[in-house]
Structure formats: structure tokens, C-alpha cells
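Everything on this sheet refers to the single structure shown next.
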Number of protein chains: 2
Amino acid sequence: MDGVVAYIRRLIERGEIRAGHRLPAERELARRIGVSRPTVRAGLQTLVAMQILHARPGAGTFVADGPPRFGTEPLSFLAALHGFTRDEMFEARRALEVSVAGLAAERARPEQLAGLADEVTSMFASLQDPQTFLIHDIRFHRAVGAASGNPILASLVEMVAAMFYEQRRKTAGRAHDLTSTAAAHRKIYQAIRARDGARAQAAMNEHLLAAQQEQASEELRLVKIGAPPLGTQKG
Amino acid sequence: MDGVVAYIRRLIERGEIRAGHRLPAERELARRIGVSRPTVRAGLQTLVAMQILHARPGAGTFVADGPPRFGTEPLSFLAALHGFTRDEMFEARRALEVSVAGLAAERARPEQLAGLADEVTSMFASLQDPQTFLIHDIRFHRAVGAASGNPILASLVEMVAAMFYEQRRKTAGRAHDLTSTAAAHRKIYQAIRARDGARAQAAMNEHLLAAQQEQASEELRLVKIGAPPLGTQKG
DNA sequence: ATCCCGAATTGGTCTGACCAAGAACTTGGA
DNA sequence: TCCAAGTTCTTGGTCAGACCAATTCGGGAT
């Protein structure tokens with residue numbers, strides 16, 4: 001089965017298969033590699049789990065295209081397993097995204113700036129809808145990651161953001177003060193647009209600290225009215 | 001198949017299965033969930049690919065124990081796919097590990113400090129053996145990640161370090177100046193031991209910058225003598 | 001009590017088959 | 001001639017049953 005993964009990897013490394021391309025059918029791969037189809041499927045499955053490949057029934061199996069991104073599930077599974085704390089999540093985000101914001105300020109291309117602006121606008125437009133707001137919130141952070149110009153960092157941000165989103169989606173109730181959150185994002189955007197790395201870093205740091213504190217008080221309030229916090233405490 | 005993943009996830013989230021535990025046999029799971037064994041295997045395979053589970057033939061399938069860690073392959077696969085640059089790798093490491101070093105300085109426990117010291121010692125002891133040196137180099141950085149006390153950051157460092165190791169292992173020839181590299185690590189260790197977060201960050205930053213520059217010149221030399229650089233250039 | 005061997009359990013692989021979703025080709029009508 | 005609808009083929013997803021190799025564990029011999 002490892003042979004299957006190695007075979008696919010060779011195809012990719014040799015450039016015979018590039019991003020977006022379709023790879024041979026499972027039956028064909030089985031014939032070429034000299035193993036059975038279940039074994040081929042096992043190998044492909046691990047690659048699909050990593051989101052290196054994605055399979056479409058009836059169409060074929062394709063190499064992931066677009067910006068590089070990992071599977072988002074691994075982190076959220078680890079979160080379920082080890083019970084990542086809310087504070088740990090924010091700390092990780094700060095460690096990562098503050099630097100990323102600085103890089104984004106240096107390198108963001110015009111269309112990426114426009115994308116950031118769009119997300120900020122959408123946030124202001126969905127102040128009354130916490131779920132929609134959350135989606136644009138996450139997308140803004142992913143966009144900052146992409147604007148950093150570093151695909152590795154973009155992938156890491158993507159990963160952490162996805163985990164965060166999954167955790168948050170359950171508890172994002174009628175949050176208050178979405179206005180100030182939106183304003184914080186605009187501040188980050190403006191700093192990036194102004195090519196001011198230091199200010200972008202500071203704004204990102206402040207935003208994440210504020211969000212952390214806000215969620216802490218929100219959780220406290222939920223506890224007061226009897227609702228148990230959802231899976232963010234240490235096991 | 002997604003149902004299988006969801007089922008396992010519920011087991012974990014409910015605490016019925018904890019880290020290190022063995023989960024029911026595939027045939028038993030198939031019976032409980034109401035699908036066939038191949039389907040169960042497909043689900044487990046995705047979890048194994050994420051290194052959430054690991055299977056031992058004849059023994060059973062177990063939930064990963066020890067410190068949380070992701071699959072290391074995804075990143076290296078992405079590296080093969082998108083051709084991450086050496087500079088991008090170092091930039092990502094700087095963004096991540098500088099902050100991590102600062103946290104480690106604040107929180108490293110005594111046994112973690114001892115572990116760091118051991119790795120530094122091993123590095124000095126293997127100045128004549130680049131491959132062994134590299135192993136301890138990576139282990140030092142992973143140890144710093146663990147010492148940060150944040151499992152998420154530790155996992156991210158683990159991931160990036162693994163990718164870096166895989167890339168480096170192929171080209172780590174008769175590197176020069178391993179002495180100064182070892183010294184740089186000792187400097188980081190000493191700063192962490194002294195609980196000086198700012199100094200730890202600075203030392204880590206300097207080390208990564210120096211290593212980046214050294215590898216750049218090393219690659220240049222390899223090109224001069226006719227050896228092509230190995231898979232670190234943009235595709 | 002200790003050691004060794006065999007039976008039972010378990011993950012890994014194989015064969016062969018069927019189903020549903022796309023894709024591609026054919027065919028009919030305009 | 002051109003387009004649209006329907007059929008056929010390909011492809012991934014699932015299922016069934018079987019065998020193998022590694023591991024575990026219990027029973028029997030020493």
C-alpha cells in the first residue's frame with residue numbers, strides 16, 4: 001500500500017501529473033503497479049485524506065489544484081482528542097498570524113487587497129447574522145494568509161482557521177459587539193493596504209487578544225445561565 | 001465512509017476511547033456501524049493517514065498517544081506538488097519558531113530543559129557526522145516546540161520540521177561550520193534556560209537566518225560543481 | 001513456576017461483483 | 001447542418017467472502 005503512495009508521489013515529483021490533472025483510473029493504476037484495486041484504493045484514500053487528491057465519482061481522481069491546503073480535519077481531530085483550550089488556540093493564532101500579517105503588508109497584491117476589502121465589507125454587512133459574520137471572519141484571516149505570499153504559512157493559517165471555525169461555529173450564538181470586531185478587521189486591512197507591516201502586526205495582535213477576551217467573557221456568561229461550554233476545556 | 005469517521009470521532013469526543021486505547025476490531029466496528037469491512041477500513045485509513053490512529057497487524061488499531069502530532073507527509077507532499085522554496089521554508093520556520101522559542105523560555109519545565117541540553121550535547125558530539133547532526137538538529141527544534149507548552153504550536157513545529165528534515169536529508173552532505181550551528185543552538189538553549197524570552201526569540205531568529213544563508217551558499221557551491229539542486233526550486 | 005507451542009484474533013490483501021454518478025458518444029428532430 | 005436528448009461506457013464507492021501473516025494469549029509440558 002505504501003508502494004501505491006510512493007508511485008503517486010513519483011508521478012507528481014516527475015511532473016507527469018500536475019495540479020488539477022486527472023490521474024489514471026483505479027483499475028488502471030492497479031494494473032500498472034501490480035496490486036489489487038482495494039490496495040490502490042487504500043493508497044489513494046490516504047492521499048485523499050490529506051487533501052492532496054480529491055475523487056469525484058464517475059469522473060475520476062484529481063490532484064488538488066488551487067492554493068495548497070492541508071486537510072483541516074487532522075487538527076480538529078486532535079482538538080477532540082487532546083482537548084485544545086480556547087486560550088491555546090488563540091495563542092497559536094497569535095504566534096502565527098501576527099507574523100503573517102506583517103508579511104502580507106509587505107507583499108499583498110492588488111487583487112488580494114481587494115479580496116480583503118470585500119471580506120471586511122461583508123462583515124459589516126452581516127452584523128446581524130453571527131453565523132455569516134463568522135464565515136467572513138475566517139475568510140478574512142485565510143485571505144491574509146494567502147496575501148503573505150508564502151504558501152506554507154498560508155496552509156498553516158488555513159489549518160488553524162478551519163479548526164477554529166469548527167469550534168466556534170457551535171457556540172457562535174448571539175454575540176455582541178460584532179461591530180468592534182469588524183472594525184478591528186478593517187484596521188488590519190488598512191494597515192496591510194498602507195504597507196505598514198508593524199502596524200498590521202500590532203492590529204492583528206490586538207484583534208486576537210480582544211477576541212480571546214471577548215470569547216472568555218461570553219463563555220462565562222453561558223456558564224452563568226447554565227449552558228455548559230462546548231468541548232474547549234482540557235480533558 | 002464518512003459515517004465511519006464520524007462514528008470514531010464520537011467515540012473519541014465522548015471519551016469512550018482515549019489516547020493509547022485500542023478500538024474495536026474492524027469486523028466488530030463493521031457490525032456495529034452497519035457497513036461492510038472495506039468501508040470501515042476506508043474510514044480507518046483516513047484516520048491512520050492523519051496519524052490519529054495507528055494500526056498494528058495482529059494486535060489492533062490504537063488511538064495515537066504521546067504528544068499530539070500530525071501526519072508529516074501532507075506537507076512534504078505539498079512541497080513536492082507546489083515546489084516550496086528553501087527561502088519559503090525558512091520564512092515559515094521563522095514566523096513560527098521565533099514565537100515558539102519565546103514561549104518556551106517562559107514555560108519550559110525542568111525535564112524539557114534537560115532534553116534540550118541533551119540535544120545540544122549530541123549535536124556537538126556529532127560534528128563529524130552531518131546526518132546524525134541533522135537528526136539532533138530537528139529534535140532540538142521539536143523539543144523547543146514541546147517546551148512551548150502549547151500542543152497546537154508543538155504540532156505545527158513538528159510538521160514543518162518533518163518537512164524540512166525530509167528535504168534536507170537528501171542534500172545534507174559534508175556541510176561546513178557545523179560548529180557554529182551547534183553554538184547557535186546552545187545560545188537558544190541558554191536563553192530559554194535563563195527564562196529570557198526576548199533573547200530566545202532573537203537567538204532563534206538569528207540561527208534560522210544564518211542557516212538559510214549557509215544553505216543558500218551551499219547550494220550555490222553544488223551548482224558550481226555541476227550537481228543540480230534537489231527539488232527546492234519553484235516548479 | 002517457567003517456558004514453549006498452538007489456536008484464536010486481528011490487520012492487510014486479494015478476487016469478483018454490483019451500483020450510482022458523470023462523461024462521452026450516438027441518434028433523433030428541427 | 002446544428003442542437004438536444006437519450007443511451008452507453010467509464011469511474012469511483014460499496015459489498016461479500018476468503019486467505020495470509022503477525023500478534024496475542026492460554027494451555028500443556030518441563
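Note on naming: letters A, B, ... go to the chains in the order of the sequence lines (proteins, then strands), and numbering restarts at 1 for each one.
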If you assign R22(B) and A59(A) each to the DNA chain C nucleotide with the nearest heavy atom, which residue ends up on the more 5' nucleotide? R22(B)

Tell me: CG of L29(A) to C1' of dT10(D), nearest whole Å? 14 Å

Rounded to the Å, how far apart are Q45(B) CD and dT14(D) P? 13 Å

Just to verify, what does E97(A) make a side-chain hydrogen bond (donor to acceptor under 3.5 Å, both in side chains) with, not counting sequence neighbours? R93(A), H141(A)

Any R27(A) side-chain nitrogen or oxygen under 4.0 Å from OP1 or OP2 of dT11(D): no

Using a heavy-atom cut-off of under 4.0 Å over every strand shown, decide if R56(A) touches base, sugar-phosphate, or nothing. sugar-phosphate

Does some side-chain heavy atom of R139(B) sit less than 4.5 Å from a side-chain heavy atom of R142(B)? yes

OP1 or OP2 of dG12(D) under 4.0 Å from side-chain N/O of T61(A): yes

By nearest nucleotide on DNA chain D, pick out whichever of V35(B) and E26(A) is the more 5' one. E26(A)

Over all heavy atoms of both residues, which pair between F164(A) and M89(A) is shortest? Give the atoms and the distance, please. CA-SD, 4.4 Å

Answer whether the closest heavy-atom distance between the side chains of V48(B) and T46(A) falls below 4.5 Å. no

Residues I192(B) and A108(B): closest non-hydrogen pair is CG2-CB, 4.0 Å

Reading DNA chain C 5' to 3', which nucleotide is the first, and which the last, to come under 4.0 Å of any heavy atom in chain A? dT13(C) to dA23(C)

I want to check something: taking the side chain as every heavy atom from C-beta on, are Y165(A) and D137(A) in contact at a cut-off of under 4.5 Å? no

Report yes if a side-chain nitrogen or oxygen of R37(A) is closer than 4.0 Å to either non-bridging phosphate oxygen (OP1 or OP2) of dG13(D); otherwise report no. no

Whole-Å distance, I33(B) CD1 to dT14(D) P, equals 12 Å

